[in-house]
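Note that these values count all heavy atoms, side chains included, but never hydrogens, waters or copies made by symmetry. Everything numeric in this text was worked out from a predicted model, so none of it was measured.
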Amino acid sequence: MNLALCQNKLESTFFNDVYEVVKLIPKGRVTSYGAIARYLGATKSARLVGYAMNAAHSLPNVPAQRVVNRNGLLTGKHHFATELRMQELLEKDGVKVKDDKVIDFAKRFWDPLIELTF
DNA sequence: GTGCTGACTGCAG
DNA sequence: ACTGCAGCCAGCA
């Protein structure tokens, strides 16, 4: 499946959709770039999700800290104000982090493909 | 207009 | 088990 199809070629809804999904992430839960990408029908575009997160900094209500890589690793922490900022926000949500990794990632994992299944 | 890079992921060697 | 490469889109030089 091509990402262009999702974008409808008229507007780049990719970033927009990413933000939508990220906003829907429940407190105390986390998800991965790949999960979001797959939900949007662009499994191979996980990188773009991360890139979208970069741009998400300028937007409110976009908990980028709840989005980590598939290993539960806070690979994007470096893009926050401080490296500890991401972890602090997560722990504030009730997500414990150790060594830049989400504890019980499997349990905390929130997959839009499943949670948003109709 | 062309080309490289990036908060990733999965497959191949 | 570890390393390397390709694929995707948007932004910048």
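The backbone N or O of L113(A) sits less than 3.5 Å from a side-chain atom of D111(A), completing a donor-acceptor pair.
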Dump the pairs, protein N or O against N or O of nucleotides 4-11 of chain B, anything under 3.5 Å, distances to one decimal.
from	atom 1	to	atom 2	distance (Å)
dG6(B)	N7	R47(A)	NH2	2.4
dG6(B)	O6	R47(A)	NH2	2.6
dA7(B)	OP1	H79(A)	NE2	2.7
dA7(B)	N7	G50(A)	O	3.1
dA7(B)	N7	N54(A)	N	3.0
dA7(B)	N6	M53(A)	O	2.8
dA7(B)	N6	H57(A)	NE2	2.8
dA7(B)	N3	Y33(A)	OH	2.9
dC8(B)	N4	R47(A)	NH1	3.0
dT9(B)	OP1	R70(A)	N	2.6
dT9(B)	OP2	R70(A)	N	3.1
dG10(B)	OP2	R70(A)	NE	3.2

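Here dA12(B) sits opposite dT3(C) as a Watson-Crick or G-U wobble pair (both hydrogen-bonding atom distances under 3.5 Å).
Annotation: ring-ring contact (aromatic ring centres under 6.0 Å, His included) contacts of F109(A) (sequence neighbours excluded): F105(A).
No more than 12 heavy atoms of other residues, nucleotides or ligands sit less than 6.0 Å from atom NE2 of H78(A). Environment of CZ in R29(A): crowded, with over 12 heavy atoms of neighbouring residues, nucleotides or ligands closer than 6.0 Å.
Under the 4.5 Å side-chain heavy-atom criterion for grouping Ile, Leu, Val, Met, Phe, Trp and Tyr, V67(A) is connected to F14(A) within one hydrophobic cluster.
For the P atoms, the distance linking dC4(B) with dC5(C) amounts to 15 Å, nearest Å.
Distance, L40(A) CG to dA10(C) P: 12 Å, rounded to whole Å.
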